[in-house]
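Below is one structure, written out as structure tokens; the observations come after it.
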Protein chains: 2
Amino acid sequence: MSSLRPDAGASDAGGGEPPAPPYDLIELLFFAYRDFTSDPDTVLSEYGFGRAHHRVLHFVNRNPGMRVTDLLAILKITKQSLGRVLKQLVDEGFVMQEPGPVDRRERLLFATPKGMELARRLTDLQSRRIARALAALPEESAAVARQFLYEMIDVDQRKDVLRLIAGERR
Amino acid sequence: MSSLRPDAGASDAGGGEPPAPPYDLIELLFFAYRDFTSDPDTVLSEYGFGRAHHRVLHFVNRNPGMRVTDLLAILKITKQSLGRVLKQLVDEGFVMQEPGPVDRRERLLFATPKGMELARRLTDLQSRRIARALAALPEESAAVARQFLYEMIDVDQRKDVLRLIAGERR
DNA sequence: AATTTACGTCAGCCATATTGACATATTTCT
DNA sequence: AGAAATATGTCAATATGGCTGACGTAAATT
């Protein structure tokens, strides 16, 4: 199972050369993410959806009543790109829109029951993969994984991510 | 810094409901990967290249003399998709091809000096981000992160990944 | 009243992925 | 030797999901 070196990208203590790049982590990130997204992709294609729909549905489902602008900031894509997939999700009854009660320019987004159901299905797949991974590792690994991934995020984005993960309500 | 819960997706020890999905890890993976790829993307756009070129160049550089088929298996894309980006990389002198010495049908791939230079630049960016992340965490975190990411990979893909990461020579 | 904000839309563009069919050279199998 | 399998390349057509820039509208803010 683990000929993964316990440590390797080491020291360079007194000396000259720059440390060797952590190729293993670079590549593991690629492969892990590739497979992590592959389960949902399969299900999504049954619906004629792609990864973009997944992301939108996921965040809308997790943050009921979120605004379009919020979604744009999270996904870091343009209005137009979002527009297309969001429209599909709305047209096909996975997401609904509702004018903001206080600021009626806003369109608050909600997953419909149908949307929640699909979101759950996709989340289940990803949960299972994560659970399988963690089951193979010592207790504290989940916390370390969280910390590591968190530290990989752009410094100026971390606050937003924390708020999101905490399941902030507006 | 860390209102990341040390543990949360817990137990369900005796009871009925399925465990709550690890939304935090699911979303952290998304954000970490999003930002992890954003640094290289910036540099690549200077060259008129995209993420696809990065992946090809990366693996060719790391595995000199690899075959086209190997690359297809790693990237899990089609010949045609690969063909385009590979051709560009070859035409612009970042990658060279050479017939296999034993089986002359094969075209073995190598990064040129120019290709190595670009690969190094891209790797540096990713290395720095990883180093920054690890610097903020306790010693053993790198090992745990490796293990976690490794366990996230499809079971039937792990052998191949291990071979790759180990820097296997054919 | 003027400005800003939230959102949508139109037109066009580009990168990257797909499938299926077919061509060529080379190696391997019978 | 001949047939089959393999490694690669290529063509045509198509889809997805990004982008930019411009413009429009409704509602809120100043």
*Does the ring of Phe36(A) carry Arg129(A) above it, NZ/CZ under 6.0 angstrom from centre and within 45° of its axis?*
no

_Please report the distance, rounded to the nearest Å, between CD in Glu106(A) and C1' in dT25(D)._
16 Å

*Answer yes or no: does a side-chain N or O of His53(B) lie under 4.0 Å from OP1 or OP2 of dT16(C)?*
yes

*asked:* When you measure from the side-chain N and O atoms of Arg107(A) to the phosphate of dG8(C), is any distance below 4.0 Å, counting only OP1 and OP2?
replied: yes

_Carboxylate-amine/guanidinium proximity below 4.0 Å for Glu117(B) and Arg120(B)_ = yes

*Protein-to-nucleotide contact annotation, 5' to 3' order, nucleotides 19-30 of chain C [B base; S sugar-phosphate only; - none; under 4.0 Å, heavy atom]*: BBB---BBS---

_Glu46(A) and Arg121(A), any side-chain heavy atoms less than 4.5 Å apart_ = yes

*asked:* Could you check whether Arg128(A) pairs with Asp39(A) (Lys NZ or Arg NE/NH1/NH2 to Asp/Glu carboxylate O, under 4.0 Å)?
replied: no

_Rounding to an integer number of Å, can you tell me how far Leu71(B) CG sits from dA7(D) C1'?_
14 Å

Could you list the donor-acceptor pairs under 3.5 angstrom formed by side chains in residues 92-99 of chain B, with sequence neighbours left out?
from, atom 1, to, atom 2, distance (Å)
Gln97(B), OE1, Arg107(B), NH1, 3.3

*If you take all heavy atoms of Glu151(B) and Arg158(B), which pair is closest and at what distance?*
O-NH2, 2.9 Å

*Specify the separation, in whole Å, of atom NZ of Lys87(B) and atom P of dA17(C).*
18 Å

*asked:* What is the separation between atom CG on Asp41(A) and atom C1' on dT16(D), rounded to the nearest whole Å?
replied: 12 Å

*asked:* Over all strands shown, is Gly50(B) touching base, sugar-phosphate only, or nothing at heavy-atom distances under 4.0 angstrom?
replied: sugar-phosphate

_For a quick test of reading the model: is some side-chain N or O of Arg67(B) closer than 4.0 Å to OP1 or OP2 of dA7(D)?_
yes

*Between Leu82(A) (CG) and dG8(C) (P), how many Å, whole number?*
8 Å

_Between Arg55(B) and dA17(C), is there a contact of a side-chain N or O with OP1 or OP2 at under 4.0 Å?_
yes

*Could you give the CD1-to-C1' distance, from Ile77(A) to dC14(C), as a whole number of Å?*
16 Å

*Between the side-chain atoms of Arg84(B) and the base atoms of dA17(C), is any donor-acceptor pair under 3.5 Å?*
yes

*Measure the NZ-CG distance between Lys87(B) and Leu82(B) for me, rounded to the nearest 0.5 Å.*
13.0 Å

*Nearest-Å distance for atom pair CG/P, residues Asp70(A) and dT5(C)*: 15 Å

_Residue whose closest nucleotide on DNA chain C lies nearer the 5' end, Gln97(A) versus Lys76(B)_ = Gln97(A)

_Checking contacts here: which listed nucleotide (dT18(C), dT16(C), dG9(D)) is nearest the side-chain heavy atoms of Ala52(B)?_
dT16(C)

*Round to the nearest Å and state the distance from Gln88(B) atom CD to dC14(C) atom P.*
13 Å

